[in-house]
Every structure is written in C-alpha cells, then in structure tokens.
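For reference, the structure discussed in these notes is given below.
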Amino acid sequence: MAIEKEITCIVCPIGCKILVRVVENQFELLGGNKCKSGIDYAKSEALDPRRMLTSSVLVNNGEWPLVSIKSSKPVQKYKIYSVLKEIKKIKVNAPVRSGQIIIKNIAGTKIDILATKSIKK
Amino acid sequence: MTNFNTDVAVIGGGPAGLAAAISAYENGAKNVIVLDRNKWLGGILPQCIHDGFGVEETGSSMTGPEYAEMYINTAKKLRIKFMNETMVLQFNKNRKIIAANKKDLHQINAKSIVLAMGCREKTRWNIMIPGDRPSGIYTAGVAQSFINLYNIMVGKKVVILGSGDVGLIMARRLKFEGAKVLGVVEILPYASGLQRNIVQCLDDYGIPLYLNHTVTYIKGRERLESVTIAQVDEKIDIIPETEREIKCDTLLLSLGLIPENELSRNVGIEIDNVTGGPIVNQYFETSLSSVFACGNCLQVYDTVDALAIDAKKAGENAAKNTIKQNKKINIKAGKGINYVIPQRISKSGKIRFTLRVKKPCVSPTLRVISGDYELFKKKLRWANPANMVGFDIDISDETIKAKGDLVVLLDGY
Amino acid sequence: MKNFHVAIVGGGVIGSAIAWELSKYKLDVVVFEKGSDVASCTSKANSGVIHSGINSPTGSLKARYCVEGNKILQSLADKLGFQIKWIGKYVIAKNEEEAKELERLKKLGFDNKVPGLEIKDGSEVKIKEPNVSCYTALWVPTAGIISPYEFTIAFAENAVENNVNFLLETEVIDLKKIKDHFLIKTNKGEYQSQLLVNATGLYCRKIDAMLEEPDFQVYPCRGEYLVLDKNYSNLINSMIYPVPPKELGVLGVHITPTIEGNILLGPSAEFIGDPDDKRTTKDMMKTLFNESKEILPALPEKAVINAFSGIRCKLASPGEGGWADYRIEESKNTHGLINLLGIESPGLTGAPAIAKEITRMISKFIELKNKTDFKIRKVKKKSFSEMTAKEQSDLINKDERWGRIVCRCEHITEAEVIEALTNPIGAQTLSSVKYRCRAGMGRCQGGFCSQHIIRIMEKQFNIDVNKINLKSPRSNLFYGRTREKVND
C-alpha cells in the first residue's frame, strides 16, 4: 500500500514541505525540497520517525524534588506516550549522578532512561 | 561589611557568566569571582530539560542541565570563586560592587566587570491585553521552572500566546504532563521559534498554531476562565468579527525576552533601544570602560552555543583589559536589519558581527557600506528573525581613520 | 455562639479605620471581610490621593470629612508608620474659559477652609513642572499621596493587635435582628452582635436589604487606570488634574505619582451594572493614554507597564449628575444598624474622620471605656532597599534572612516576605505579600520572586500548594504536583 506524506523539513528555517511516497518501506521523493540536505531528513522521517525524549523523575530526599532525564537514544514516535507513562511511575533516591541509568529498557524499547542532572541529598 | 578586591567580577552565573569567567581565568586573570542570585549555577539552564544545547559548540546535542554541568565542572576545576545566593545591589563607575548575601553585605572592588545578568520575560502588560486579572497567567519560563524544578503543575487547559521557542517547548512539556494544550497563538504571519520546534513540539502532538492571531481579552475574576482570540490584518489590527472565546484555565505567555539591565542603567551605561542591552564595541566593552557585557543581557541569543562563544571573548577582554576607547566609528542597522552588534568599533582587525533581520526572506544579499564604498557583500540562502546572522569583516585602518559610520543592510528584502 | 458588641461588615479602608478607632476601647469588635485580605476592593484600586477638600460643596459630608481627615492624617501616619507625601496638586486650565472654573474651585476651597490655594500662571507652573503646558493652574499644597492598601493595612493590623477580630474570606450571607441582637449568618458560621456597622462600599445596599427595605440605589462607576514604569517617575513632581468635567460627579483623568514611585493615569468614569466587573478595556486604555498625553506631551507609550480598574460606589445615577453626598447614619427602621452609604472619593482621605464619627454614634448605644493596654505598633518599617549600607549589614549579621533577596526588581528580602506572611490579620495570598512588602510589584511582575515566595509559603508556612491563591479564595495558582509522592 502506498502512503503519500508531506513532511516539513527542519534542516533549515525555510521549512520546505517535502512530498514523499512510502511503498512497503521503500521511500520515494516526490519533490518540494529546495536542497539536497532535506532528502535524508525526509527519508528517516517517512520511514522511521524517532524523537529524543526528555522529562523528569521524582527524587526522594534530594535537594530538588525532581531529576531531569532523557532517553539514551531517540524513541520511536509511536512509543512516546507509553514511555512517558512509565517515566511518571519511577522514583529514585538521592544522590543522583548525571548520566546515571535510572531505568533500563523502558517500556520494552531497549532504550534506557538517563539522569541529565546531578542531585545531592 | 566585607571588602575585597578582584581582577574580574562576573555578575550572573548562567551560561554567559560561566563562559566569561572560565575564559577570563584562562586568559590570565587569577582572581575571578562570579556573583549569582540563585543558589545554583547555570542560570535558566537547569529548567531547560529538553535537548538541543551545545550542537554547534561540541557537535553533540545536550539537555540544558547537562550543558550547564559541563561548564560548572570546568569552572570548578579552575580557581574561580563563586558567590551564590548573592544579589548585586549596585556598582559604580569605579567598579565598586555592592552585593548582599546571607553572610553579609560585600563591597567588591573589581579591575573589570563582566555583565551577564541575562534577561527577563515580557509579561501581559508589555502588550497590554485587556480584561480581568485572574490567576493562571504565567510567562512560559516561570511555568517551566514550576513544572521542571519545583514539581508544581500550573494548569490543565492551556492556551499559549507567542510562538517563541520557550512557548513551543512548553506546549510539548505540558502535553507530556497530561495538560490539554489548546493552541499556540502568534500575532505575526510566521512563527518566531525554530522550525524544528514547530514540528517536534506542535505538529507531532497535533497542537494547532494560529498565525496572524492574538489574544484580545482575558476573562476570569479569580482563576482564568477563558481567553478571546482574534485574527489580525496586515496592519496587525484586530478583525472583530473573527473573535472567539476559548475556555481554558491557563494562559502561557511567550512574548519574547527583555535584557536585564537595571544595574547597567543605574550606573549610566548607554543602552541600545533596539536590543535593550548595552552598546558595546568589538571587545564587548560597554560605554563604561572596563565594564563588559555578554549573554542575554547584551542581546537575546537564539542558541546557547553562540552566546557562549561571544561570552568567552568578553571574558578574555575583561582579563586583558587593555582597551583604549578612542577612535570610534558607529555601526548602523540599515534596510531590513533590526540591529547589529557591536554597535561601535575602535580598532582595525577582523571583527565578528552579529545581527538580526526584520522579516523572513529568501536569498537576500547582506551588504556593509561606508558612504559609497562597499566593505562586504554576502549572498544568504535565507534570513529569518529567529536566527541570528553572524559574519566576519576585516576592518582596515583606513576605515577607522575615515570615521564614517558603517551601515549594514539587506538587499532583496 | 460568639457575641460581639460591634460587628463591622467590610474590611475596606472605612471598616478598618472604624475597627482601629474602636480598638482603643473595651469592646468586643469583629470585622467580616469576604476577600482574602483587607482593602481587596475599592480601597485598593484608586488614585491613592489625599484630597484637600476643594471639590465638594461647602457643608456636604464629603467636604467636612475630607478637610477633617486631611488635617489628622499626618499625625496618624507618624503613629502607625504608613507613608504620606505632601506633593501638592495642580488643577490645570487649558484656556481662559477653564481658568474661570479654577476661580470657582478656589472659592469653594476657601469656603471649605482649605489653606494655601493659589492661582499660578502657565510659566510659573512650567518651572516646577517642565513637562506640563497650561494656561493657568490652581495650586493645592495640602493634597498628598498615600498607598491606599498600606493605609488600610496599618489600621487593620494595629486593630488586630488590640484584639479586634478580623475574619477574612468570611462573607455575610444573611442578617436578622432578633430582640436587641443581630444574628449574622456567614459562610463560616453564625455570630451575634449588639450593633452592626455596614461599611461594605459597593455592597452597602445588598447588606442593608438583608434587614430592611433600602431607600437608595447604588450605581457602580468603573475607573480604569494605567500604571507607568518607575523609569518615568520624573515626568511630573506633583499631581496634575484637569478642570473637573461637568458631568458624572468625578474629577477627570489625572496624572498622579504613587508612593511606590510609579505614575498613574486615570481614572475613567463609566457606569456599569455589575459592581464586580473590574475589567480593563482596550478602548479605555487608549482614551486614558491619549487624554494624559494632552496634559503631558512627553509621555511615551512604552512607559505603560500595567493597567487595573476600581469601582466607585455612587448613590446618584448619571442622569442625576452622578454626584450625591455620603449618607452616614443610624437606620431609622433597624435599631442598632449604622449605615455608611455611597462612600466614594474622597473616602480615603475622610476615613479617619468618618471613623471618629462612627465611634461617636456607637457611644450613644454603648458606654466606651478606654483600654489601658492599647498599644500602637508601626506597621511599616524601613524596607531593606531604603536602608544605609551599615543598617543592611547589621541586619544581615543579626539574621541571615535579610541577606537573601527574594524580589530582584524591588530588592525585597526573605525576612520582609516572611514578615509580610506573618501579618496579624492572617492574609496569606501572593497579593497580600505584594501589598505588604512590594515583592512582585516591579518590572518583572513577580516572574522571579513568585517562585521564591511560593517556596517560602510551602516550606516555612506549610501551606498546601493547591491552597496558594493569587488574591481571593478561588484564585488558585496551581493544580497539584507533576509527580505525586505516593507512599508504597
């Protein structure tokens, strides 16, 4: 089945609307891009869109009530809400070190959740 | 009252202040002190938990807290002195600083000062939105600090006015926290935030962006109950028949930032009416000698990377502090240009300029002229008010001697 | 059920001034205030002007209390610690015709025993007010400025310290006269009182109607204001008034410095149906700015940093000319009910004199005996930003909270915020902090300090985050936590 999509390019601020067609995971450029650098972006956006995910997690006994976190790799777009749901349930104890793994393989994504800030007790 | 001397005093420990302090120390100032009113360092960065920081500088995308920690760790390894929870109350022309903290009132005599006070957000009253005065109206940055630092939720049904980056980032953040984000309202025909944020913060989550719209009325005698939005015409006049009411409990304002310069004003430093920051020369020195300015109190930057690069130069110059301000030529913003920094140059050499254009345009030509003579010409693929433009020019001794103003302008605008 | 000698309904400037006057005597006094703080209505939102008495007809209560109040205000300020600045005012005439009006005002002022009135010509005015152009002006040296909430708070807080009960967020919902007592039903329970003072301003008819058929109407009249940034405070030195318009019984759009160092433009005058409709409107903002610019051509648009409105309580409709005198009287039908009706401008100025009058009325019902332990505490002390370096340093060394600056715009310290939150009335909204120590009144409008004040409210006063309000019982600021700490 062929799906046609219009993708707003974010490579530069012109924001070309790039028209693409996806047929069984094959990418086809239909046009709309003003330069070449948009093509790679449009391709990954069309075939497997992913986003870095950042949020925060509750901290027990810390100098701050929350620690900011990020996903170790970009998360598949359609899994963002299930990952967020898991994140809201987590609690960690202070101290927390920036870069520390808060939870491994969150929501079965094979992606870890890392602290992005150090929190003292 | 305690009294001590320092080579360089940096006012503000956000990204600009940290970068300036590190650079000052690395360039020979052995006695560097950073004064900051918060109990933490890094300024606004710890609440900017999203990523996208440091890409130009380090090649990898960091979150705000990570970027801040990188600088804090570097600074702490050097013998830079930090005074937190310390408010600078004033300084005078001889660079005598008066600051208060819980220990005492301090007088700090600095050989040079770097201003890095950052900026504050515009409020409802900067654009005079009529109506009631309920609770539930927050600037985007304040809402961000409540949610990301203090674990406090500001609202459930939210309208955002202004499409600046903080507003867009907060649209996604609130959505993640379960709030209904009913739309982002922007008075201009284009978004003022980065394209990436339009796509990844709004489009991804189906949050509508209302261009050419504004909030015309605020209703709610206690908590906010609704806002009225309306379309505007080319002259930015409201089209009354397009008014409609949106029920909501929260209005976030992302209306832009104002450089924080009360200290600079009080001591008589000249302020640029457009940038809201001090007028500086190529050394980032203000009209008051040995006082330098950097970061968002100089101009509102769009990336922390560009900000840090300039702040380092300001710090370096503060450490060297050998500048003599004599021959000055002024740099003027011409057609299509909102402002240019530095506003003055006093010595020949390779000088970096940064500017903002007035409106988005495709393939304009940037030109720098002095009378009939063209010093510089560059074709740009695009230009956008949201993206600062930077370029270097070799300024010759002749240009300085000629003492004529340089005008920066945009052709094909 | 608690039984009082005197119940005052309304914690505005009038109710608070009466409470303070009564706190000198051995009486059980209670004040019911539906807002979250005193001065939460008309008393808060006005020009903050001490009037001289040149505007009201000779023999009227307005003229009498205004002139009397004006005379005693300075001694009260010295006792209670609120600020007054006697900056004087110019009523300016643009032409010969208006100049005649000034003569009339001067004559009226003279008849009302207002001292020091002088007609000055335009060039004389120019020397003192270089930004003002006029033909001639009436100089009124006995006009001054005051912070209306600081003034009200000073009365109320000192009254509480002398054992008057202030019940905030307590709305009177019904009143009954039973034998020699009033039964007072509120949203927080029932009370009894021997006498009842109706000092409810805009709501005076509503309260009166709970006991009897009112023989008057209230016509709310909204006045909008614009506030200028402190950077423009040097535009004027005194108050600048136009010749009063002939209609509506108001003084016209004037330009007034405030105690805090801002300048107010306003108020407009618009009769409205709903006394709670304190909106600001786009049209009026424009009108206020334009009318002010006629008086003050140097006024820049970007100087405006805020807008608000207040509502006047008028007893005369616009058709009747908008002017009616105060009615301060014992009810003929309800024994023990004292009504204060139509207390609009110059009510702030008149408040101390009105309070004395009410005390006289009460003395006819109850014998007043002086308290031996009545004590005066100055409400307003010098703020940190007004102190010398030595004073600042000494305080920090004594208590480190003086060294933590919470409000960056106005340099308000943690110590001052904590003191504001420990006020004897028990008002603990963000606005009540603002009105007591000015945190949040500056350029950033609370952007920076509100986070710190909220932390102080949570950590040091144990206020639940959901119960932190901006200004009134349902003006909540927050909706709980983003991450709930659930015990497992």
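Below, chains carry the letters A, B, ... as their sequence lines are ordered, and counting in each starts from 1.
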Separation between CD of B/Glu262 and SG of C/Cys444, rounded to the nearest 0.5 Å: 10.0 Å
For C/Pro220, side chain to side chain contact (heavy atoms under 4.5 Å, CB included) partners two or more places apart: C/Leu202, C/Val218, C/Ile272, C/Pro275, C/Ile311
Residues B/Ser145 and C/Gln451: side-chain donor-acceptor under 3.5 angstrom: yes
side-chain contact (heavy atoms from CB on, under 4.5 Å) between B/Met87 and C/Arg408, worked out: CA-CA 8 Å; B/Met87 181 70 109; C/Arg408 66 181 171 190; 3.2 Å; yes
B/Arg133 and C/Asn306: side chain donor to acceptor below 3.5 Å: yes
Part of C/Ser472 lying under 4.5 Å from any heavy atom of chain B: both
Segment of C/Glu458 engaging chain B (4.5 angstrom heavy-atom cut-off): side chain
Residue C/Lys471 versus chain B: region with a heavy atom under 4.5 Å: side chain
Most contacts with chain B, counted as non-hydrogen pairs under 4.5 angstrom, among C/Asp277, C/Asp394, C/Asp399, C/Thr413: C/Asp277
Chain C contact via B/Phe146 - side chain, backbone, both or neither, heavy atoms under 4.5 Å: side chain
Heavy-atom pair count under 4.5 Å with chain B, highest-scoring of C/Val304, C/Val465, C/Val227, C/Ile305: C/Ile305
C/Leu395 versus chain B, the contacting section by heavy-atom distance below 4.5 Å: neither
B/Glu177/C/Arg483 ion pair, N-O < 4.0 Å: yes
C/Arg404/B/Glu85 salt bridge by N-O under 4.0 Å criterion: yes
